Amino acid sequence: MKRVLRRQRGAALLAAMLTVALVATFAAAAVWQQWRATEVEAAERVRVQTAWILIGALDWSRLILREDGIAGNTDHLAEPWAVPLQESRLSTFLAADRSMADASASTADAQEAFLSGRIVDAQSKLNLSNLVGHDRKIDAATLAQFTRLFALLGLPASQLTSLAQNLLLASDGSASGAPLMPQKLQDLGWLGLPPATIAALAPYATVLPARTTVNVNTAGAEVLYASAPKLQIAQARQFVGLRDTVQFDTLLAAGKRLGDESLFTQGAHDVRSNYFEVQGRLRIDQFAVEEHSLVFRTGIVVRTIWRERGPAPADE
(Lines give C-alpha, C1' and ligand atoms only; values in the text may rest on other atoms or scores of the structure.)
Protein backbone atom coordinates (compact mmCIF):
# COMPACT_ATOMS: atom_id res chain seq x y z
CA MET A 1 0.00 0.00 0.00
CA LYS A 2 2.80 2.36 0.90
CA ARG A 3 4.51 1.56 -2.35
CA VAL A 4 1.35 2.43 -4.29
CA LEU A 5 1.03 5.73 -2.41
CA ARG A 6 4.63 6.58 -3.21
CA ARG A 7 4.01 5.89 -6.89
CA GLN A 8 0.89 8.05 -6.87
CA ARG A 9 2.74 10.88 -5.14
CA GLY A 10 5.57 10.58 -7.68
CA ALA A 11 3.14 10.61 -10.58
CA ALA A 12 1.33 13.62 -9.11
CA LEU A 13 4.64 15.47 -8.61
CA LEU A 14 5.71 14.64 -12.16
CA ALA A 15 2.36 15.83 -13.52
CA ALA A 16 2.69 19.05 -11.51
CA MET A 17 6.21 19.63 -12.83
CA LEU A 18 5.06 19.01 -16.42
CA THR A 19 2.16 21.42 -15.93
CA VAL A 20 4.49 24.10 -14.57
CA ALA A 21 6.91 23.56 -17.46
CA LEU A 22 4.05 23.75 -19.97
CA VAL A 23 2.66 26.94 -18.41
CA ALA A 24 6.15 28.48 -18.34
CA THR A 25 6.64 27.60 -22.01
CA PHE A 26 3.34 29.18 -23.00
CA ALA A 27 4.10 32.25 -20.88
CA ALA A 28 7.55 32.63 -22.43
CA ALA A 29 6.07 32.29 -25.91
CA ALA A 30 3.44 34.91 -25.11
CA VAL A 31 6.07 37.28 -23.72
CA TRP A 32 8.25 36.75 -26.81
CA GLN A 33 5.32 37.40 -29.14
CA GLN A 34 4.48 40.57 -27.23
CA TRP A 35 8.11 41.71 -27.33
CA ARG A 36 8.32 40.96 -31.04
CA ALA A 37 5.11 42.88 -31.75
CA THR A 38 6.43 45.84 -29.74
CA GLU A 39 9.75 45.81 -31.60
CA VAL A 40 8.01 45.58 -34.99
CA GLU A 41 5.71 48.46 -34.08
CA ALA A 42 8.65 50.55 -32.86
CA ALA A 43 10.67 49.82 -36.02
CA GLU A 44 7.71 50.71 -38.23
CA ARG A 45 7.14 53.93 -36.29
CA VAL A 46 10.82 54.88 -36.69
CA ARG A 47 10.68 54.01 -40.40
CA VAL A 48 7.65 56.23 -41.00
CA GLN A 49 9.08 59.08 -38.94
CA THR A 50 12.40 58.81 -40.76
CA ALA A 51 10.73 58.87 -44.16
CA TRP A 52 8.74 62.01 -43.37
CA ILE A 53 11.70 63.82 -41.81
CA LEU A 54 13.96 63.06 -44.78
CA ILE A 55 11.24 64.15 -47.20
CA GLY A 56 11.01 67.39 -45.24
CA ALA A 57 14.79 67.80 -45.43
CA LEU A 58 14.66 67.31 -49.21
CA ASP A 59 11.91 69.93 -49.52
CA TRP A 60 13.99 72.28 -47.40
CA SER A 61 16.97 71.76 -49.75
CA ARG A 62 14.77 72.43 -52.77
CA LEU A 63 13.59 75.67 -51.16
CA ILE A 64 17.20 76.75 -50.57
CA LEU A 65 18.05 76.06 -54.22
CA ARG A 66 14.93 77.90 -55.36
CA GLU A 67 15.86 80.98 -53.34
CA ASP A 68 19.39 80.78 -54.72
CA GLY A 69 17.97 80.68 -58.24
CA ILE A 70 16.09 83.90 -57.53
CA ALA A 71 19.13 85.59 -55.99
CA GLY A 72 21.72 85.33 -58.77
CA ASN A 73 22.98 83.99 -62.08
CA THR A 74 26.04 82.11 -60.80
CA ASP A 75 26.57 79.15 -58.50
CA HIS A 76 29.64 78.91 -56.30
CA LEU A 77 30.83 77.40 -53.03
CA ALA A 78 30.35 80.58 -50.99
CA GLU A 79 26.55 80.39 -51.32
CA PRO A 80 24.25 79.09 -48.54
CA TRP A 81 23.37 75.87 -50.39
CA ALA A 82 27.04 74.81 -50.36
CA VAL A 83 27.33 74.93 -46.55
CA PRO A 84 26.90 71.39 -45.19
CA LEU A 85 24.58 70.76 -42.26
CA GLN A 86 26.59 69.12 -39.48
CA GLU A 87 24.80 66.55 -37.33
CA SER A 88 22.31 68.52 -35.24
CA ARG A 89 19.58 67.53 -32.81
CA LEU A 90 16.22 67.53 -34.55
CA SER A 91 14.58 69.37 -31.66
CA THR A 92 16.73 72.38 -32.58
CA PHE A 93 14.79 72.74 -35.84
CA LEU A 94 11.41 72.02 -34.25
CA ALA A 95 12.01 74.63 -31.55
CA ALA A 96 12.43 77.26 -34.27
CA ASP A 97 8.66 77.07 -34.67
CA ARG A 98 7.12 78.53 -31.49
CA SER A 99 3.95 76.52 -31.94
CA MET A 100 6.01 73.31 -31.67
CA ALA A 101 8.53 74.43 -29.06
CA ASP A 102 6.64 72.97 -26.10
CA ALA A 103 5.79 69.75 -27.91
CA SER A 104 9.35 69.18 -29.10
CA ALA A 105 10.76 69.78 -25.63
CA SER A 106 8.69 66.91 -24.26
CA THR A 107 9.15 64.49 -27.14
CA ALA A 108 11.84 61.90 -26.49
CA ASP A 109 12.11 60.94 -30.15
CA ALA A 110 12.90 64.52 -31.17
CA GLN A 111 15.51 64.76 -28.42
CA GLU A 112 17.24 61.59 -29.66
CA ALA A 113 17.00 62.24 -33.42
CA PHE A 114 19.95 63.86 -35.23
CA LEU A 115 19.89 65.22 -38.77
CA SER A 116 22.79 66.03 -41.10
CA GLY A 117 23.23 66.55 -44.81
CA ARG A 118 24.60 68.59 -47.66
CA ILE A 119 23.95 69.75 -51.20
CA VAL A 120 26.56 68.96 -53.85
CA ASP A 121 26.71 70.55 -57.27
CA ALA A 122 26.36 67.59 -59.65
CA GLN A 123 27.93 69.73 -62.38
CA SER A 124 31.13 69.93 -60.40
CA LYS A 125 31.82 66.49 -61.92
CA LEU A 126 32.28 65.12 -65.43
CA ASN A 127 29.02 63.78 -66.82
CA LEU A 128 29.29 60.32 -68.37
CA SER A 129 26.10 60.96 -70.34
CA ASN A 130 28.12 63.45 -72.42
CA LEU A 131 30.00 60.50 -73.96
CA VAL A 132 27.01 59.87 -76.24
CA GLY A 133 26.63 62.72 -78.73
CA HIS A 134 23.46 64.02 -80.34
CA ASP A 135 24.32 62.02 -83.46
CA ARG A 136 24.31 58.77 -81.45
CA LYS A 137 28.08 58.51 -81.75
CA ILE A 138 30.78 58.74 -79.11
CA ASP A 139 31.55 62.39 -78.48
CA ALA A 140 35.27 62.86 -79.17
CA ALA A 141 35.72 65.90 -76.91
CA THR A 142 34.10 64.17 -73.94
CA LEU A 143 36.08 61.00 -74.57
CA ALA A 144 39.26 63.11 -74.46
CA GLN A 145 38.16 64.57 -71.10
CA PHE A 146 37.63 61.14 -69.59
CA THR A 147 40.87 59.89 -71.11
CA ARG A 148 42.70 62.62 -69.20
CA LEU A 149 40.80 61.78 -66.02
CA PHE A 150 41.47 58.03 -66.31
CA ALA A 151 45.17 58.71 -66.90
CA LEU A 152 45.32 61.07 -63.91
CA LEU A 153 43.67 58.47 -61.66
CA GLY A 154 45.76 55.61 -63.03
CA LEU A 155 42.76 53.71 -64.38
CA PRO A 156 43.01 51.39 -67.43
CA ALA A 157 42.17 53.10 -70.72
CA SER A 158 40.62 49.84 -71.95
CA GLN A 159 37.88 50.18 -69.30
CA LEU A 160 37.00 53.63 -70.63
CA THR A 161 36.78 52.31 -74.19
CA SER A 162 34.49 49.47 -73.10
CA LEU A 163 32.38 51.83 -70.99
CA ALA A 164 31.90 54.28 -73.87
CA GLN A 165 30.82 51.51 -76.23
CA ASN A 166 28.38 50.09 -73.67
CA LEU A 167 26.91 53.53 -72.97
CA LEU A 168 26.43 54.02 -76.71
CA LEU A 169 24.66 50.66 -76.91
CA ALA A 170 22.51 51.45 -73.85
CA SER A 171 21.44 54.80 -75.34
CA ASP A 172 19.82 52.92 -78.21
CA GLY A 173 16.94 51.26 -76.40
CA SER A 174 15.70 49.62 -79.60
CA ALA A 175 18.88 47.57 -80.06
CA SER A 176 18.53 43.87 -79.33
CA GLY A 177 20.24 42.89 -76.07
CA ALA A 178 21.07 46.51 -75.20
CA PRO A 179 21.79 47.10 -71.49
CA LEU A 180 19.71 49.53 -69.48
CA MET A 181 20.85 53.14 -69.44
CA PRO A 182 22.33 53.83 -65.98
CA GLN A 183 20.79 56.52 -63.79
CA LYS A 184 23.56 56.69 -61.19
CA LEU A 185 27.29 56.08 -61.13
CA GLN A 186 26.77 52.88 -59.12
CA ASP A 187 24.74 51.49 -62.03
CA LEU A 188 27.86 51.35 -64.22
CA GLY A 189 28.52 47.90 -62.80
CA TRP A 190 25.98 46.42 -65.22
CA LEU A 191 27.99 47.98 -68.08
CA GLY A 192 31.03 45.98 -66.98
CA LEU A 193 32.91 48.61 -64.95
CA PRO A 194 34.63 47.05 -61.89
CA PRO A 195 33.60 48.26 -58.40
CA ALA A 196 37.13 49.56 -57.73
CA THR A 197 36.98 51.80 -60.80
CA ILE A 198 33.50 53.06 -59.89
CA ALA A 199 34.77 53.95 -56.40
CA ALA A 200 37.78 55.78 -57.88
CA LEU A 201 35.54 57.77 -60.24
CA ALA A 202 32.91 58.67 -57.63
CA PRO A 203 34.46 62.02 -56.53
CA TYR A 204 34.98 63.18 -60.13
CA ALA A 205 32.25 61.69 -62.35
CA THR A 206 28.49 61.35 -62.38
CA VAL A 207 25.60 60.21 -64.58
CA LEU A 208 22.97 62.86 -65.32
CA PRO A 209 19.81 62.62 -67.46
CA ALA A 210 21.07 65.09 -70.07
CA ARG A 211 24.27 66.61 -71.41
CA THR A 212 25.75 69.16 -69.02
CA THR A 213 28.68 71.52 -68.63
CA VAL A 214 31.27 71.69 -65.83
CA ASN A 215 30.81 74.55 -63.38
CA VAL A 216 34.24 76.17 -62.98
CA ASN A 217 33.14 77.72 -59.68
CA THR A 218 32.51 74.36 -57.99
CA ALA A 219 34.58 71.71 -59.80
CA GLY A 220 37.67 70.24 -58.17
CA ALA A 221 41.17 70.50 -59.63
CA GLU A 222 41.05 67.01 -61.18
CA VAL A 223 37.78 67.72 -63.01
CA LEU A 224 38.97 71.13 -64.23
CA TYR A 225 42.19 69.57 -65.51
CA ALA A 226 40.32 66.81 -67.32
CA SER A 227 37.72 69.13 -68.84
CA ALA A 228 40.09 71.82 -70.15
CA PRO A 229 42.71 70.50 -72.63
CA LYS A 230 45.02 73.50 -72.22
CA LEU A 231 44.96 73.44 -68.40
CA GLN A 232 47.74 71.84 -66.40
CA ILE A 233 47.03 70.11 -63.08
CA ALA A 234 49.17 72.67 -61.22
CA GLN A 235 47.15 75.51 -62.77
CA ALA A 236 43.91 73.74 -61.85
CA ARG A 237 45.00 73.47 -58.21
CA GLN A 238 46.03 77.12 -58.24
CA PHE A 239 42.62 78.06 -59.63
CA VAL A 240 40.81 76.09 -56.90
CA GLY A 241 42.86 77.96 -54.32
CA LEU A 242 41.86 81.29 -55.86
CA ARG A 243 38.18 80.41 -55.50
CA ASP A 244 38.44 80.63 -51.73
CA THR A 245 38.30 84.40 -52.08
CA VAL A 246 37.07 84.99 -55.65
CA GLN A 247 34.02 83.72 -57.53
CA PHE A 248 33.71 84.16 -61.27
CA ASP A 249 30.73 85.59 -63.13
CA THR A 250 31.98 84.64 -66.61
CA LEU A 251 34.23 82.02 -68.17
CA LEU A 252 36.31 84.81 -69.64
CA ALA A 253 37.05 86.19 -66.18
CA ALA A 254 37.93 82.73 -64.90
CA GLY A 255 40.43 82.08 -67.68
CA LYS A 256 41.85 85.58 -67.48
CA ARG A 257 42.72 85.01 -63.82
CA LEU A 258 45.06 82.22 -64.96
CA GLY A 259 46.48 84.29 -67.81
CA ASP A 260 44.62 82.60 -70.69
CA GLU A 261 41.08 83.71 -71.55
CA SER A 262 40.57 80.63 -73.74
CA LEU A 263 41.14 78.02 -71.02
CA PHE A 264 37.43 77.51 -70.34
CA THR A 265 35.04 77.26 -73.28
CA GLN A 266 31.31 77.52 -73.88
CA GLY A 267 29.71 74.12 -74.32
CA ALA A 268 32.19 72.48 -71.94
CA HIS A 269 32.11 74.91 -69.00
CA ASP A 270 29.76 77.33 -67.27
CA VAL A 271 29.44 79.39 -64.08
CA ARG A 272 25.93 78.16 -63.27
CA SER A 273 24.44 74.73 -62.54
CA ASN A 274 21.08 73.02 -62.94
CA TYR A 275 21.66 69.62 -61.33
CA PHE A 276 22.34 69.11 -57.63
CA GLU A 277 22.75 66.08 -55.38
CA VAL A 278 21.02 66.25 -51.99
CA GLN A 279 22.38 63.97 -49.28
CA GLY A 280 20.58 63.58 -45.95
CA ARG A 281 21.26 61.40 -42.91
CA LEU A 282 18.98 60.83 -39.93
CA ARG A 283 20.11 59.02 -36.78
CA ILE A 284 17.75 57.88 -34.04
CA ASP A 285 19.68 56.12 -31.26
CA GLN A 286 21.63 53.38 -33.08
CA PHE A 287 19.36 53.43 -36.14
CA ALA A 288 20.70 55.55 -39.02
CA VAL A 289 19.25 56.09 -42.51
CA GLU A 290 20.68 57.94 -45.49
CA GLU A 291 18.80 59.41 -48.44
CA HIS A 292 20.38 60.53 -51.70
CA SER A 293 18.45 62.56 -54.27
CA LEU A 294 19.10 64.23 -57.58
CA VAL A 295 17.22 67.48 -58.23
CA PHE A 296 16.97 69.61 -61.36
CA ARG A 297 16.58 73.37 -61.19
CA THR A 298 15.35 75.41 -64.12
CA GLY A 299 14.70 79.03 -63.28
CA ILE A 300 13.03 78.93 -59.87
CA VAL A 301 11.44 75.52 -60.36
CA VAL A 302 13.25 72.68 -58.56
CA ARG A 303 12.03 69.13 -59.11
CA THR A 304 13.28 65.76 -57.93
CA ILE A 305 14.66 63.42 -60.60
CA TRP A 306 15.22 60.38 -58.38
CA ARG A 307 15.48 59.57 -54.69
CA GLU A 308 16.86 56.52 -52.89
CA ARG A 309 16.96 55.64 -49.20
CA GLY A 310 18.79 52.98 -47.24
CA PRO A 311 20.68 52.19 -44.03
CA ALA A 312 23.75 54.31 -43.35
CA PRO A 313 27.14 52.53 -43.63
CA ALA A 314 28.17 50.88 -40.37
CA ASP A 315 31.48 52.78 -40.19
CA GLU A 316 29.59 56.05 -39.73
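Atoms considered below: every heavy atom in the structure, side chains included; atoms not considered: hydrogens, waters and symmetry mates. All values reported here derive from a predicted model rather than from experimental measurement.
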Within the side chain of [X], is there an N or O that forms a donor-acceptor pair under 3.5 Å with the backbone of [Y]?
{"X": "Trp81", "Y": "Asp68", "answer": "no"}
{"X": "Thr298", "Y": "Val301", "answer": "no"}
{"X": "Ser227", "Y": "Val223", "answer": "yes"}
{"X": "Ser162", "Y": "Ser158", "answer": "no"}
{"X": "Thr161", "Y": "Gln159", "answer": "no"}
{"X": "Asp187", "Y": "Lys184", "answer": "yes"}

Non-hydrogen atoms of [X] and [Y] that approach each other most closely:
{"X": "Gly280", "Y": "Leu54", "value": "C-CD2, 4.2 Å"}
{"X": "Ala221", "Y": "Ala236", "value": "O-CB, 3.4 Å"}
{"X": "Ala219", "Y": "Val214", "value": "CB-CG1, 3.6 Å"}
{"X": "Phe146", "Y": "Ala205", "value": "CE2-CB, 4.1 Å"}
{"X": "Leu191", "Y": "Leu180", "value": "CD2-O, 4.2 Å"}
{"X": "Ser171", "Y": "Val132", "value": "OG-CG1, 3.7 Å"}

Quick one: pull up [atom1] in [X] and [atom2] in [Y] and give me the separation to the nearest 0.5 Å.
{"X": "Tyr275", "Y": "Leu294", "atom1": "OH", "atom2": "CG", "result": "7.5 Å"}
{"X": "Tyr204", "Y": "Leu152", "atom1": "OH", "atom2": "CG", "result": "7.5 Å"}
{"X": "Ile198", "Y": "Leu163", "atom1": "CD1", "atom2": "CG", "result": "9.0 Å"}
{"X": "Leu58", "Y": "Thr304", "atom1": "CG", "atom2": "OG1", "result": "4.5 Å"}
{"X": "Ile64", "Y": "Glu79", "atom1": "CD1", "atom2": "CD", "result": "11.5 Å"}
{"X": "Leu143", "Y": "Leu160", "atom1": "CG", "atom2": "CG", "result": "5.5 Å"}

Is the shortest heavy-atom distance from the side chain of [X] to the side chain of [Y] under 4.5 Å?
{"X": "Ser262", "Y": "Lys230", "answer": "yes"}
{"X": "Val207", "Y": "Met181", "answer": "no"}
{"X": "Leu193", "Y": "Leu201", "answer": "yes"}
{"X": "Leu131", "Y": "Leu168", "answer": "no"}
{"X": "Glu87", "Y": "Leu115", "answer": "no"}
{"X": "Ser88", "Y": "Phe114", "answer": "no"}
{"X": "Leu128", "Y": "Leu185", "answer": "yes"}
{"X": "Phe276", "Y": "Leu65", "answer": "yes"}

Passes side chain to side chain contact (heavy atoms under 4.5 Å, CB included), Arg211 versus Asp139? Steps please. CA-CA 11 Å; Arg211 295 179 61 85; Asp139 186 88; 3.7 Å; yes
Using the side chain to side chain contact (heavy atoms under 4.5 Å, CB included) rule, take Leu63 and Glu67 through it: C-alpha gap first, then chi angles, then the decisive distance, then the call. CA-CA 6 Å; Leu63 179 60; Glu67 293 301 314; 4.0 Å; yes
More than 12 heavy atoms of other residues, nucleotides or ligands under 6.0 Å from CZ of Arg118: yes or no? no
When clusters are formed by joining ILVMFWY residues with side-chain heavy atoms under 4.5 Å apart, either directly or through shared neighbours, do [X] and [Y] land in the same one?
{"X": "Trp190", "Y": "Leu188", "value": "yes"}
{"X": "Leu126", "Y": "Val120", "value": "no"}
{"X": "Phe296", "Y": "Trp60", "value": "no"}
{"X": "Leu242", "Y": "Leu263", "value": "yes"}
{"X": "Leu224", "Y": "Val246", "value": "yes"}

Side-chain ion pair, [X] and [Y], N-O less than 4.0 Å:
{"X": "Arg307", "Y": "Glu291", "answer": "yes"}
{"X": "Arg297", "Y": "Asp75", "answer": "yes"}
{"X": "Lys125", "Y": "Glu277", "answer": "yes"}

Could you tell me whether the side chains of [X] and [Y] share a donor-acceptor contact shorter than 3.5 Å?
{"X": "Thr206", "Y": "Asn127", "value": "no"}
{"X": "Gln123", "Y": "Thr212", "value": "no"}
{"X": "His76", "Y": "Thr218", "value": "no"}

So if I apply the side-chain contact (heavy atoms from CB on, under 4.5 Å) rule between Asn130 and each of Thr142, Leu167, Leu208, which one comes out positive? Thr142
Ring pair (Phe, Tyr, Trp, His ring centres under 6.0 Å) between Phe239 and Phe264, intermediate numbers included: CA-CA 12 Å; Phe239 183 79; Phe264 304 115; 5.3 Å; yes
Could you go step by step and tell me if Val240 and Arg243 meet the side chain to side chain contact (heavy atoms under 4.5 Å, CB included) rule? CA-CA 5 Å; Val240 170; Arg243 288 193 327 220; 4.0 Å; yes
Carefully, step by step, assess Arg309 and Glu290 under the rule salt bridge (Lys or Arg N to Asp or Glu O under 4.0 Å). CA-CA 6 Å; Arg309 185 184 306 130; Glu290 285 187 351; over 6 Å; no
Step by step, would you call His269 with Leu251 a side chain to side chain contact (heavy atoms under 4.5 Å, CB included)? CA-CA 7 Å; His269 304 96; Leu251 296 178; 3.8 Å; yes
